[in-house]
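Every chain is numbered from 1, with letters handed out A, B, ... down the list of sequences.
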Amino acid sequence: MTGPAVSLAEVGMQFYNPKLKRHHRVLDDINLSVMPREVLCVVGPSGCGKSTLLAGIGGFRKFTEGLCMVDGEPSGEPNRDRGVVFQDYPIMEFLTALENVEIGLCFEKFTLIEHLLPSLRKQRSREVRKIAMEYLSFVGLETHADKYPRELSGGQKQRVAIAQAIAMKPKVLLMDEPFSGLDPDTREKLQLMVLRIHRELNNTIFFVTHDLEEAVFLGNHIIVLSQFSPKRTAEMGATIVYQQELVEYKDSLAKDTPEFHQLIKTLRFHFHNHA
Amino acid sequence: MTPPSQPHSGGEPPAARTRKTFALWRVRGQIPLWTRWILPLLPLGLLLFFYMQAAEARRLDNPMDKLLPLPADFVAAAKASVLPNEFTGEIPIVADLKSSLAIYAVGFGSAVLFSLVFGLHVGAWPWAGNMFDPFLRFLSYLPPLALLPLVLLFLGIGATAKTFLIFIAVAVPLTRSLVLRVEGVNERQIWNAQTLGPTPAEMIWVVIRRITEPGFLDDVRLLIGTAWVYLIAAELIASNAGLGYRINVASRNLNVAQIFLYIAVICLLAFLMDRSIYYINRSRNRWADTK
């Protein structure tokens with residue numbers, strides 16, 4: 001694969017609000033290319049359209065302008081190539097942690113009838129279960145396999161969500177502020193896990209966050225989205241105001257280096273000057 | 001800034017800040033265990049007590065009184081209901097239950113099945129929602145009992161008409177509610193599921209059905225009573241068998257004890273149905289907070 005994993009050309013999005021009878025522009029003129037195996041971090045003020053950008057790339061919402069290519073093809077419907085992890089862990093509450101990881105593999109292997117009548121698939125279920133268990137132990141939840149999401153803490157739910165997403169071996173992993181509801185300790189552990197996933201799966205990660213430190217720690221390509229670019233008028237949406245490629249600082253000690261702080265300072269400057 | 005003046009700095013001690021309250025007198029508090037069985041029985045006991053007072057007073061006033069039967073009359077009515085009919089050899093209450101429950105089962109069962117299939121799809125496909133939502137809303141404004149004369153004209157006074165009436169009365173609200181439940185599923189939950197590669201049928205029958213199932217079964221429970229209302233009403237108005245029919249006959253014969261008895265049977269049946277669906281719901285959906 002030589003081309004970019006995700007490329008956006010003059011992409012924009014606007015909604016029509018029928019109650020207010022006016023168009024509401026969220027994204028405007030976004031040009032971006034994310035290379036394979038890159039960890040792209042998107043930062044920007046809250047409500048500026050970071051999540052909408054992610055939803056567009058995932059195929060959950062349609063960009064109203066421009067062209068969005070994922071893996072050389074126009075981004076159509078959501079599919080297995082684009083895994084997603086959201087902030088509020090919308091995993092399947094009716095399945096246990098293990099079944100949540102299994103379900104994607106089950107969709108791959110079983111027909112609808114076999115889903116509704118599990119007794120038809122005894123032998124193959126066991127194989128699927130084994131694979132799912134490996135992913136669950138990858139995120140360190142093998143002891144909670146039989147718990148339902150509501151019995152798990154926020155961090156554990158997010159681990160299930162991550163295991164569920166990576167079990168599909170997605171080419172692009174979309175993460176929408178995945179750790180912003182978690183305590184600092186858990187958050188750091190999960191950040192390290194994201195790096196581990198990146199190392200082992202060798203995939204592209206599109207990481208939305210509002211935390212500059214997180215962005216610098218995880219990303220090797222950071223973009224700052226802003227609602228207010230210098231030329232902006234009220235009708236314009238968010239656009240990229242700053243882009244930076246990074247050298248990798250990829251272990252837990254990196255957070256203390258002077259380069260790390262310098263980068264955060266630079267980013268903060270752009271973040272605030274355009275927001 | 002000056003500190004706020006302290007009203008109790010003088011002689012008397014400050015009022016206690018935590019108040020000791022009686023256990024039952026706490027808003028949304030825990031009630032003690034011993035009340036759990038007594039409190040639910042209290043309203044029923046009170047009702048029975050006042051009923052007995054009134055019935056005995058009437059009997060003293062007029063020994064031939066038939067409006068408020070005494071326990072002995074209930075026993076007689078019960079005996080009459082379980083002893084075989086001298087001509088046909090049928091036990092009256094069994095015959096009535098057979099007739100009513102058959103209609104109820106077919107009408108209610110088909111309504112639940114129809115609502116499940118139709119509601120899931122109307123909720124899941126935006127075009128289907130667009131197509132059927134106004135129609136369903138129109139139907140839900142329609143009082144099913146107003147259809148009864150028409151239904152009787154078209155389908156006669158037999159079982160078909162009553163089955164149809166129950167079907168309409170249950171299927172419309174159940175479908176509408178399920179459509180709303182499906183449309184209310186968190187959109188990110190749908191998105192998340194879509195990235196796991198289900199077919200549309202799997203999305204509907206594996207993901208959405210499971211998410212909406214606890215709520216759907218709760219709706220089914222709520223509609224048990226509604227279905228009984230329409231069945232009994234239809235049987236009272238036009239029929240030649242069933243629990244409602246027997247109540248109608250008893251009313252013409254001024255057999256109040258039998259009416260009470262049959263009402264109790266209907267309540268008991270509805271209660272048993274409600275409980276069984278509740279337990280099915282609880283055992284199938286341990287992940288949800290079923291109440």
| field | B:Arg286 and A:Tyr148, any side-chain heavy atoms less than 4.5 Å apart | value | yes

| What do you reckon, is CD of A:Glu73 surrounded by more than 12 foreign heavy atoms closer than 6.0 Å? | no

| said: With a 4.5 Å cut-off on side-chain heavy atoms, are B:Thr195 and A:Leu174 touching? | reply: no

| request: Can you establish whether the number of heavy atoms outside B:Arg284 located under 6.0 Å from its atom CZ is more than 12? | output: no

| note | Minimal heavy-atom distance between B:Asn192 and A:Pro90, with the atoms involved, is ND2-O, 3.3 Å

| request: Name the region of A:Thr96, side chain, backbone, both or neither, that has any atom closer than 4.5 Å to a heavy atom of chain B. | output: neither

| From CA spacing to verdict: side chain to side chain contact (heavy atoms under 4.5 Å, CB included), B:Glu202, A:His115 | CA-CA 8 Å; B:Glu202 284 169 339; A:His115 268 287; 3.4 Å; yes

| query | So what's closer than 4.5 Å to chain A heavy atoms on B:Glu187: side chain, backbone, both or neither? | reply | side chain

| field | Atom pair CG/CH2 of A:Leu116 and B:Trp205 - distance to nearest 0.5 Å | value | 8.0 Å

| query | Rounded to the nearest 0.5 Å, how far does CZ of B:Arg210 lie from CD1 of A:Ile103? | reply | 9.0 Å

| task | Please look at A:Arg150 and chain B and tell me whether the side chain, the backbone, both or neither of the residue comes under 4.5 angstrom of a heavy atom of that chain. | result | side chain

| request: Count the heavy atoms of every other residue, nucleotide or ligand shown that sit under 6.0 Å from CZ of A:Phe15, and state whether that count exceeds 12. | output: yes

| Can you find a heavy atom in the side chain of B:Ile211 that is under 4.5 Å from one in the side chain of A:Glu93? | no

| said: Please find the pair of heavy atoms, one from A:Phe107 and one from B:Gly197, that lie closest to each other, and give the distance. | reply: CB-O, 3.7 Å

| field | B:Leu196/A:Gln164 under side chain to side chain contact (heavy atoms under 4.5 Å, CB included): CA gap, chis, key distance, verdict | value | CA-CA 8 Å; B:Leu196 305 174; A:Gln164 186 184 53; 3.5 Å; yes

| message | Tell me if the OH atom of A:Tyr16 is crowded by more than 12 foreign heavy atoms within 6.0 Å. | response | yes

| request: On the 0 to 90° scale, with breaks at 30° and 60°, tag the A:Phe60-B:Trp191 ring pair as parallel, tilted or perpendicular. | output: parallel

| request: With a 4.5 angstrom heavy-atom cut-off, could you sort out which part of A:Asp88 is near chain B: side chain, backbone, both or neither? | output: side chain

| field | Proximal component of A:Tyr89, with respect to chain B [non-hydrogen, under 4.5 Å] | value | neither

| query | Do any N or O atoms from the side chain of B:Gln189 and from the backbone of A:Ile91 form a donor-acceptor pair under 3.5 angstrom? | reply | yes

| query | By a 4.5 Å heavy-atom criterion (distance strictly below it), what part of A:Met92 contacts chain B: side chain, backbone, both, or neither? | reply | both

| field | Heavy-atom contact with chain B under 4.5 Å, split by part of A:Ala167 | value | neither

